[in-house]
Amino acid sequence: MQEVCRRQIAHNVSLTCVRMRKFKTACLSITLLTGLERETAAKSALLPSVLRRGTAIHPDMESLAAVMDGLYGVQIEPLVRKKGEIQCVGFRADFVDDDFVPAGANVLENTAALLGEILLNPATRGGQLLGAYVDSERENLINEIRATVNDKGVYAMRRLFEVMCPGERFATLKLGTEAGAKKITAAGLTKHYRNLVASAPIEVFYCGGAEPDRVERALTGALSALPRRSGGGMPATQIRLQPVKEELRSYREALDVTQGKLTLGLRLGETMTAPNVAVLRVLNTLYGGGVTSKLFRNVRERLSLCYYASSAVELNKGIMMVASGIEFGKYDEALAEILRQLEAVKSGDFTQDELQSAKSELITSLQTVSDAQTRLEDYYLEQAISGLRCTPEELAALADGVTRDEIIRAAAGIRPDAVYFLTGKEAEPDAQ
């Protein structure tokens, strides 16, 4: 059983505490939320890696490693995520729960203090973040941005967002741009860091066996030096209800690949004016979100038009995405069938068994969220950003009650916006 509580522990700093005794470890994360901007995304993405290199007290990774080893092997990792048009940067610590170490070890308090030290007391010289750390981690960031092309499925989805959302912040990669990363200096990053820690909303998450009051005391102490400006609420995400143009926009790119990547972006439409998360997640599972879905059963299994086909929803942005791997010559046929299966959902052309299978698959997936603290941490971050307040089990119960009519109503306004096709160079006419 989960005991979940949420409370504000400082101005614009919220704590979500999930007390569970099923794990021998605990999880603690601190996440700063900022608007995803093309001009600053690379700076925000770089910060956690630079801060993790050393503090004023433990100025390098070796001394940080020594203190973490002394805390029974705590692990602290930088985090960079994208939720709608919000960039989420910070750290997650995984450590032994105090129930499994000698009395008085206070691993929770010491880990919280170390996280606060990394965030608020970085290694500096002359009032600036260390140039050597900034330069080194900047090169790592540039290499990571360049490497996004190596996973062609991920690259195709990234390109879909870029062409689908022109002028929208959602088009920006969570890591920012290579050009933006190349411009980062120690002075510029220091200025950005100071502004971020003073103004960004902060989400703190804990999962473990400690009582919420103890967790709050530990975090309040760890973040006592946090500078806080007045104002500054949750960053907003622009939700476009309708496609950019009436007709489906089509984009094609040729690279040295052996399998085509067909990606389709759809706007969820009017249902996003008052979104029902349970309904939309069941709808997605029915359409393409699992092995019982219409895309899997028809486009992949029955018609053999693709190697894989699946859909996902970005509810913070009001977008549905379809990803598929196909033979180059099956583009027209595969796209037509993907769209045909969407129309089937919109018209109610699905059986009660299909709906029940989708609900069962989604419920099972939600029930497994509580089996991993990292998934719980990400789930509750989504909840905080969206303003929802329900456990995975409560959301599963809501999904179980979703009706056929609710699915049809929610699907009615879904419209295709853009399709991006990554094809092979040998498949292009100019290559002949």
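Defined by atom type and a distance below 3.5 Å, a donor-acceptor pair is present between the side-chain atoms of Ser44 and His192. A donor and an acceptor atom, one from each side chain of Thr172 and Glu37, are nowhere located under 3.5 Å apart. With 3.5 Å as the limit, one finds a donor-acceptor pair spanning the side chains of Asn284 and Ser311. Between the side chains of Arg375 and Thr368, a donor-acceptor pair is found at a separation under 3.5 Å. Residues Arg281 and Asn276 bring no donor and acceptor atom of their side chains to less than 3.5 Å of each other. Thr423 and Glu253 are not linked by any side-chain donor-acceptor pair at a separation below 3.5 angstrom, with hydrogens and angles left out of the test. When only modelled atom types and interatomic distance are considered, Thr55 and Glu117 share a side-chain donor-acceptor pair under 3.5 Å. Looking at Gln259 and Tyr307, their side chains never bring a donor and an acceptor atom within 3.5 Å of each other. Under 3.5 Å, the side chains of Ser14 and Gln8 contain no donor-acceptor pair of N or O atoms. A donor and an acceptor atom, one from each side chain of Gln341 and Glu337, are located under 3.5 Å apart.
Counting only distance, with no hydrogens or angles, the side chain of Glu394 and the backbone of Thr391 share a donor-acceptor pair below 3.5 Å. Of the possible polar contacts, none joining the Glu3 side chain to the Met20 backbone as a donor-acceptor pair under 3.5 Å is found. Checking side-chain atoms of Ser310 against main-chain N and O of Gly288 turns up no donor-acceptor pair under 3.5 Å. Here the side chain of Asn110 pairs no donor or acceptor atom with the backbone of Val67 at under 3.5 angstrom. With hydrogens and angles disregarded, no donor-acceptor distance shorter than 3.5 Å links the side chain of Thr111 to the backbone of Leu108. Remark: side-chain polar atoms of Arg228 are paired, donor with acceptor, to backbone N or O of Val197 under 3.5 angstrom. Looking at Gln87, its side chain never comes within 3.5 Å of a backbone N or O of Lys82 through a donor-acceptor pair. Under the 3.5 Å distance criterion, the side-chain polar atoms of Thr263 are matched with a main-chain donor or acceptor of Tyr420. Counting only distance, with no hydrogens or angles, the side chain of Arg92 and the backbone of Ile76 share no donor-acceptor pair below 3.5 Å. For Glu85 (side chain) and Gln238 (main-chain N/O), a donor-acceptor pair under 3.5 Å exists by modelled atom type.
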- Message: Run Thr292 and Glu361 through side-chain hydrogen bond (donor to acceptor under 3.5 Å, both in side chains) and show every step you take.
- Response: CA-CA 8 Å; Thr292 65; Glu361 189 166 358; 2.8 Å; yes

- Decide side chain to side chain contact (heavy atoms under 4.5 Å, CB included) for Leu262 and Tyr331; before the verdict, give the C-alpha distance in whole Å, the side-chain angles of both, and the deciding distance to 0.1 Å. CA-CA 7 Å; Leu262 189 165; Tyr331 170 82; 3.7 Å; yes

- Might you work through the salt bridge (Lys or Arg N to Asp or Glu O under 4.0 Å) test for Glu343 and Lys346, ending with a clear yes or no? CA-CA 5 Å; Glu343 290 304 314; Lys346 294 170 74 170; 3.7 Å; yes

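Asn316 places none of its side-chain heavy atoms less than 4.5 Å from the side chain of Ile86. For the pair Arg169/Arg38, no side-chain contact is recorded, criterion being any heavy-atom separation below 4.5 Å from C-beta on. You'll find the side chain of Ile385 reaches within 4.5 Å of the side chain of Cys88, heavy atoms only. Two residues are said to be in side-chain contact when any heavy atoms from C-beta on lie closer than 4.5 Å; Asp98 and Tyr72 fail this criterion. Between Val18 and Val4, the closest side-chain pair of non-hydrogen atoms falls below 4.5 Å. Ile145 is not listed as a side-chain neighbour of Thr177, based on a closest heavy-atom distance of 4.5 Å or more. Under the 4.5 Å side-chain criterion, counting only non-hydrogen atoms from C-beta, Gln367 is not in contact with Pro392. With contacts defined as side-chain heavy-atom distances shorter than 4.5 Å, the pair Leu241/Thr271 does not qualify.
Between Arg81 and Asp378 there is a salt bridge, with a side-chain nitrogen of the basic residue lying less than 4.0 Å from a carboxylate oxygen of the acidic one. Of the charged side-chain nitrogens involved, at least one lies within less than 4.0 Å of a carboxylate oxygen, so that Arg267 and Glu168 count as a salt-bridged pair. At a threshold of 4.0 Å, the pair Glu109-Arg214 counts as salt-bridged, since one of the basic side-chain nitrogens sits closer than that to a carboxylate oxygen. By the 4.0 Å N-to-carboxylate-O rule, Lys261 lies too far from Asp151 to be salt-bridged with it. Of the charged side-chain nitrogens involved, none lies within less than 4.0 Å of a carboxylate oxygen, so that Lys24 and Asp99 do not count as a salt-bridged pair. Between Arg415 and Asp417, none of the side-chain N atoms (NZ, or NE/NH1/NH2) sits under 4.0 Å from a carboxylate O, so this pair counts as no salt bridge.
In this structure, OG on Ser49 lies 13.5 Å from CZ on Arg138, to the nearest 0.5 angstrom. Rounded to the nearest 0.5 angstrom, Phe23 CZ and Asp97 CG are separated by 11.0 Å. Residue Arg404 holds its CZ atom at 12.5 Å from CZ of Arg409, rounded to the nearest 0.5 Å.
Pairing each heavy atom of Ala181 with each of Leu141, the nearest pair is CB-CD2, 4.0 Å. Shown here for Arg297 and Glu301, the closest heavy-atom pair between the two residues is O-CB, 3.3 Å. The two residues Leu119 and Pro122 have their closest heavy-atom pair at O-CD, 4.5 Å. Taking all atoms of both residues into account, the shortest heavy-atom contact from Leu264 to Pro416 is CD1-CB, 4.3 Å. Looking at every heavy atom in both residues, Pro201 comes nearest to Pro235 through CG-CD, 4.1 Å. Residues Ala418 and Tyr251 share a closest heavy-atom pair of CB-CE1, 4.3 Å.
Using a 30° and 60° split on the angle between ring planes, Phe95 and Tyr206 fall in the tilted class, from 30° to 60°.
With Phe421 as the aromatic partner, Arg159 does not meet the cation-pi criteria of under 6.0 angstrom to the ring centre and within 45 degrees of the ring axis. Taking the centre and axis of the six-membered ring of Tyr193, the NZ or CZ atom of Lys43 falls outside the cone set by 45° and 6.0 Å. Cation-pi contact between Arg6 and Tyr380: absent, since separation from the ring centre below 6.0 Å together with deviation from the ring axis within 45° is not met.
Here Asn143 pairs with nothing under the side chain to side chain donor-acceptor pair (under 3.5 Å) rule; sequence neighbours left out.
With a 6.0 Å radius and a threshold of 12 heavy atoms from other residues, nucleotides or ligands, Asp69 has its CG atom above the threshold.
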